[in-house]
Amino acid sequence: MPEIKVTPLGAGQDVGRSCILVSIGGKNIMLDCGMHMGYNDDRRFPDFSYITQNGRLTDFLDCVIISHFHLDHCGALPYMSEMVGYDGPIYMTHPTKAICPILLEDFRKITVDKKGETNFFTSQMIKDCMKKVIPLNLHQTVQVDDELEIKAYYAGHVLGAAMVHIKVGSESVVYTGDYNMTPDRHLGAAWIDKCRPDILISESTYATTIRDSKRCRERDFLKKVHETIERGGKVLIPVFALGRAQELCILLETFWERMNLKAPIYFSTGLTEKANHYYKLFITWTNQKIRKTFVQRNMFEFKHIKAFDRSYADNPGPMVVFATPGMLHAGQSLQIFKKWAGNEKNMVIMPGYCVQGTIGHKILNGQRKLEMEGRATSVTLCCPLAPIKLQIVLDVKLQVEYMSFSAHADAKGIMQLIRMAEPRNMVLVHGEAVKMEFLKGKIEQEFNCYMPANGETITVTTNPSVPVDISLNLLKREMALGGPLPDPKKPRTMHGTLIMKENSLKLVSSEQALKELGLNEHQLRFTCRVQLQDPHSDPDTLHRIYTHLKSVLKGYTIQHLPDGTVMVESIVIKVSSSAEDTNTKVLLLSWSYQVKYFQCSYLTDGLYRD
Amino acid sequence: MKLYCLSGHPTLPCNVLKFKSTTIMLDCGLDTTSVLNFLPLPLVHSPRLSKLPGWVSKDGTVNLEKELKECAGRVFVDSQPEFCLPERELLDLSTIDVILISNYHCMMALPYITEHTGFTGTVYATEPTLQIGRLLMEELVNFMERVPKAQSATCWKNKEIQRMLPGPLKDAVDVWTWKRCYSMQEVNSALSKVQLVGYSQKVELFGAVQISPLSSGYSLGSSNWIIQSHHEKVSYVSGSSLLTTHPQPMDQSSLKNSDVLILTGLTQMPTANPDGMLGEFCSNLAMTIRAGGNVLVPCYSSGVIYDLLECLYQFIESASLGTTPFYFISPVANSSLEFSQIFAEWLCHNKQTKVYLPEPPFPHAELIQTNKLKHYPSIHGDFSSEFRQPCVVFTGHPSLRFGDVVHFMELWGKSSLNTIIFTEPDFSYLDALAPYQPLAMKCVYCPIDTRLNFHQVSKLLKEVQPVHVVCPEQYTQPPLTQSHRSDLMLELQPPPMPYRRCSVLNLPFRRRYERVYILPELANSLVPSEIKPGISVATVSAVLHSKDNKHTLQSVPKPPPAPPTKKRKRVMEEPPVVLAPKPLLSGAVPLEAFLATLQKHGITEVKVEETADGHILHLQAEDTLIQLEEDGTHIVCDNNEPLRTTLRDLVLRFLQKL
């Protein structure tokens, strides 16, 4: 029995460093290749030694597919392809291909230039890695090789996010990446057709949440921002440069416009303008409304939102700042946070999920005293062997708010996707174990659901049907038997011969099979003599038999042939007189092996019913 | 399989393919050359056009001076221009299941087909094709509706009268079927039936056939189509290009192994090299500007214009045209320029790389930013106040019969300083200019047609090796004007099947196999036996299920045990259980081995008699004869059923069952 195997190297009962191995129909596919935001050591990348202990991965993988540009889905890609070694194809959508190298470079800079780590991938490695990328278009069927085909679907999570359908023969797997089932202000909703995969591998970040309406969340968000501004406070919104940032910018921009507000809105890092440019050029990936109106008004040209400068953080008066990165684990958002944390008038709004270990995660869990690591450069310079780490304790006084704006499907959304795709089995990844359990319980009422941990393999046995080429003559003959309209309640039995030659399977009628194989038919016939007493002449006897059979055997084809035989279906009857006694007639009944038995018995019944 | 040909225009095709119970229309081209028979529609009152004399036949018997006007010896219809539609009588258009569009030029007749005909199917097109096609239709409607003409000329269409008219009106065909332009409402309704597809996307039609668009390299989103089932493959090639311009390169390899290849949309200018034409375009443009004249470029609002602008972008500085204003005037100019920048997926590799930076893929963004290129919806409004001469104007329609171009012809036609440069290959430039004669303006003809030429297509066909090729009859002979150029036609072995308007072709195609799926339970129950080395056979008896043109084979369900029922009558009505028929036999029964087997089963008294074809075995104790021959065995045995069964089974041991 064919099997499909799924092994998460990352994102198994966890969020972060998504990397899932799928083995299907003899092909090995890596789905995503991400990093973990919560770790700074080896654990930040998936453990590729699981695939092979010695060296390069090229021989062990048929392809790598990246679902979207978030670093927890692509952050380990240059490490995997350039440092571990992989030269095969890497697939991602056009927007992902465009944006992913920028985020990787950002990640590299923070790690190497700011944190001073060595043994990390270089800018050149990112470039070399991106050369191996083959862009994917939505709904395009890409033939990776003769047997393996992949198809991307819109996932809605961020610009260019895709779900993939992986197919070998009649077996298939769908991997969702991160997805969103409700359209938002700038993206559409995820969609997939009824592809009935053997396994659906789905993220489950919000497996237990059923979120209230988006409108309420937006109103809440705007209210909080507005209140803070009114009382002269500053609002920090840590975001990733691409994704939720644009969504919230559109939201604030329209609110500012409507309320005629004057407080400045800033967007940190020079990436903003560039980022918005990507949205403009990839407008076909945004939602219907934006696409329709882009010629008249491009939604990504903001009037109220300006570029941020480091010095603005100390400006008096209210302001709203979008700063990167989104989980307060490094960079500008963390710097601003440190500056503003002491004032209770200020507010930080976390608009998305925070991975364990990040400051974002800590403050969301109510931690009010944070131990910060500081690096005193002057000290380390004097004493390079023993770098002194300064421990600073930060008092968090500002208000901390959490508003789930991350574009992940909630429990309802996940069930919605299941209805769309109709999978036979389900694998949950990219979520916390406790939450997964809950959803798993729900799904298992309908079919199998798995939630493997990292390094754990689950195996699903598939039962594919066998494709065969049937001769059109045979098919049409059989179809005709069922009448002009097929009646599902009346099964039509068909008979034929299956010829198996090399890799081809052909189903033909038995006669055609003989012909195609160049075989002679071997006729097996039986003859049986029956004696009768009848005074008539031979032809008369035959005719009497004919009329008799005709009256007894209703519904059979009975023919009186000119050559002196009577045929009942394909059974031949001849009459001859015995040499000694002309009144004794000998009936010769002759039939072939293929004649159905009951026909024979009917005939003899008919003859003896005299 | 049949092909119905509804258009005679080789580059604006409209064919219908009937294949495996589906009816598929391939393209929906609108032949607009008919508008050349009409007077231009001026945007502002033109004294010259209104003073043209009416036409009266020489003997004075036919007076059509209200409908027909004479200009420089040619006769034009004074009415709203009309188009020559695809044939609508050859088959019932309401039976069409799907329409496949290959590029935005080949969909202009869509509203005539999908509206008011009972059409209920789906139209498939790529996103750029839909968006730009919509712009071109919008522009056409706008051109027509902006200058409504009260008069609709119909008398001249009368057969008797048409016969007496001078050429080319006299020779125009099917004039009574010519139609005015559709409305925007009809366009919207027609386009609402479009379903978007991406290159290499596989779309199932009713489970019977699969269609898939392939990049054709001609324009943004342009595609060729593969129409295939599991065993047959038809390729539809329409408007393809191998030149490196802005669109994604042509996908050639997927066309391989076609049973039939329908070939349309080859270059209309087989002797004009597009690169050479581009050079001539630039040099003539520069020359005119330097001499203080204006340049008029009649063109479509999308397509080659992007390449022209890109070429000019590189050329402007070197030719010191930095201060010359370039104007692009069309109701859809802005949309066309904007749309061209957002289709990264559909562009050539170079342009895609620019988007990754991120920069706009086409340099006309920079021309607009630096104010070198300005675009206006029409000559009215802002344009009239900002207009500076000498300048270069890109505007439509290339037929010179409607659109803003008519105004510039009237404005600039009288000065020999000005130049009109024709770049679109769809219209003969002499015919286009006819109603403006006499003309002082210089005329330059640089038709740029990037579609496949005969040399490229024969190389392509050699590579992809289709079994049969179908093409418009125009491609099977050299052009009329160059009858000695045998290189300007398709020469193939076997020769291509030509079609013309209203042809119905029977495509030489025999379907022999169909795909059926054996469910796992049945597959496991099959018992294969090896007949020859490497070849096994198994007899299959199964229940055939056919749903949505998909066939599956399932095990024959075991008849449920008859429920103990009191109503005996009911049971009698049940049809007799159909047993599997006995298989055909093959092979031969070897005498010695058979005798040995008989012996083992206690049949010892056997007399063997040799005959011409084999042997006769006489089982004396049983009074039974067995006739053994190469291709048959005959058992003659009187009323002894058990013996007959035994013998049968013994014989069967030596034979193969099929």
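Just so you know, these numbers use all the heavy atoms, side chains as well, and skip hydrogens, waters and symmetry mates. Convention: sequence-line order gives letters A, B, ...; per-chain numbering from 1.
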Practice problem: Could you walk me through whether B:Leu522 and A:Val466 pass side-chain contact (heavy atoms from CB on, under 4.5 Å), step by step? | Solution: CA-CA 10 Å; B:Leu522 174 64; A:Val466 185; over 6 Å; no
Practice problem: For each of B:His230, B:Gln352, B:Lys547, tally heavy-atom pairs with chain A at distances under 4.5 Å, and name the one with the top tally. | Solution: B:Gln352
Quiz prompt | Top of A:Thr284, A:Asn473, A:Ile499 for chain B proximity - count of heavy-atom pairs under 4.5 angstrom | solution = A:Thr284
Practice problem: Measure distances from A:Asn137 to the heavy atoms of chain B and classify the residue's part below 4.5 Å as side chain, backbone, both or neither. | Solution: side chain
Self-check item: Heavy-atom side-chain proximity of A:Asp469 to B:Arg515 below 4.5 angstrom
Solution: yes
Quiz prompt | A:Leu475 side chain reached by B:His551 side chain, heavy atoms, under 4.5 Å | solution = yes
Self-check item: For B:Tyr124, all residues meeting ring pair (Phe, Tyr, Trp, His ring centres under 6.0 Å), sequence neighbours excluded
Solution: none
Self-check item: Among the listed options A:Phe294, A:Phe282, A:Trp285, the residue most often paired with chain B at heavy-atom distances under 4.5 Å
Solution: A:Phe294
Quiz item: Do you know which of B:Ile535, B:Val537, B:Val516, B:Val636 has the most heavy-atom pairs under 4.5 Å to chain A?
Solution: B:Val516
Practice problem: Using a cut-off of under 4.5 Å on heavy-atom pairs, state which of B:Gln131, B:Arg644, B:Glu127, B:Glu629 scores highest against chain A. | Solution: B:Arg644
Quiz item: Has the side chain of B:Thr539 got a donor or acceptor atom that lies under 3.5 Å from a matching backbone atom of A:Thr497?
Solution: no
Quiz item: Heavy-atom count around A:Lys167 NZ within 6.0 Å, excluding the residue itself: above 12?
Solution: no
Quiz prompt | B:Glu630 atom CD: more than 12 heavy-atom contacts under 6.0 Å | solution = no
Quiz prompt | Contacting region of A:Val508 [heavy-atom separation from chain B under 4.5 Å] | solution = side chain
Quiz item: Where on B:Leu655 is there a heavy atom nearer than 4.5 Å to chain A: the side chain, the backbone, both, or neither?
Solution: side chain
Exercise. Report the option among A:Ser170, A:Pro464, A:Pro95 that has the most heavy-atom pairs separated by less than 4.5 Å from atoms of chain B.
Key: A:Pro464
Quiz item: Would one find more than 12 heavy atoms of other residues, nucleotides or ligands at under 6.0 Å from atom NZ of A:Lys515?
Solution: no
Quiz prompt | Pick from B:Ala344, B:Ala538, B:Gly587 with the largest number of heavy-atom pairs that fall under 4.5 Å of chain A | solution = B:Ala538
Self-check item: Between B:Ser335, B:Pro213, B:Ala523, B:Gly198, the one whose heavy-atom pairs under 4.5 Å with chain A are most numerous
Solution: B:Ser335
Self-check item: Evaluation steps, side-chain contact (heavy atoms from CB on, under 4.5 Å), between A:Leu519 and B:Lys532
Solution: CA-CA 10 Å; A:Leu519 296 174; B:Lys532 288 177 179 177; 4.3 Å; yes
Quiz item: Hey, does the side chain of A:Tyr278 reach the backbone of B:Tyr356 with a donor-acceptor pair shorter than 3.5 angstrom?
Solution: yes
Quiz item: In this structure, are over 12 heavy atoms from other groups packed under 6.0 Å from B:Arg512 atom CZ?
Solution: no
Self-check item: Region of B:Val651 that comes under 4.5 Å of a non-hydrogen atom in chain A
Solution: side chain
Quiz prompt | Side chain, backbone, both or neither of B:Leu652 within contact of chain A (heavy atoms, under 4.5 Å) | solution = side chain
Self-check item: Heavy-atom proximity to chain B below 4.5 Å, by part of A:Lys506
Solution: side chain
Quiz item: Pick from A:Leu505, A:Leu514, A:Leu138: which one has the most heavy-atom pairs with chain B under 4.5 Å?
Solution: A:Leu514
Quiz item: Relative to chain A, which of B:Ile626, B:Leu357, B:Leu647, B:Asn334 shows the most heavy atom pairs under 4.5 Å?
Solution: B:Leu357
Quiz item: Is B:Lys20 atom NZ crowded by more than 12 heavy atoms from other residues, nucleotides or ligands, each under 6.0 Å away?
Solution: yes
Quiz item: Should we count CD of A:Gln296 as having more than 12 external heavy atoms under 6.0 Å?
Solution: yes
Practice problem: Sort B:Ile531 into side chain, backbone, both or neither according to what part of it lies under 4.5 angstrom from a heavy atom of chain A. | Solution: side chain
Quiz item: With a 4.5 angstrom heavy-atom cut-off, which part of A:Glu502 approaches chain B: side chain, backbone, both or neither?
Solution: backbone
Self-check item: Top of A:Asn463, A:Ile283, A:Leu588 for chain B proximity - count of heavy-atom pairs under 4.5 angstrom
Solution: A:Asn463
Self-check item: Region of A:Pro101 that comes under 4.5 Å of a non-hydrogen atom in chain B
Solution: neither
Quiz item: Around atom CD of B:Glu530, are there more than 12 heavy atoms of other residues, nucleotides or ligands at under 6.0 Å?
Solution: yes
Self-check item: Atom NZ of A:Lys574: over 12 foreign heavy atoms under 6.0 Å
Solution: no
Quiz item: At a heavy-atom separation under 4.5 Å, does A:Pro467 approach chain B through its side chain, its backbone, both, or neither?
Solution: both
Quiz item: Will you find, in the side chains of A:His522 and B:Thr633, an N or O donor that is under 3.5 Å from an N or O acceptor?
Solution: yes
Exercise. Take A:His139 and B:Val197, measure what side-chain contact (heavy atoms from CB on, under 4.5 Å) needs, and give me the verdict at the end.
Key: CA-CA 7 Å; A:His139 302 164; B:Val197 283; over 6 Å; no
Exercise. May I ask you to test the A:Leu507-B:Leu553 pair for a side-chain heavy-atom distance under 4.5 Å?
Key: yes
Exercise. Go through A:Ile470, A:Ile99, A:Leu517, A:Val295 and name the one with the most non-hydrogen pairs under 4.5 angstrom from chain B.
Key: A:Ile470
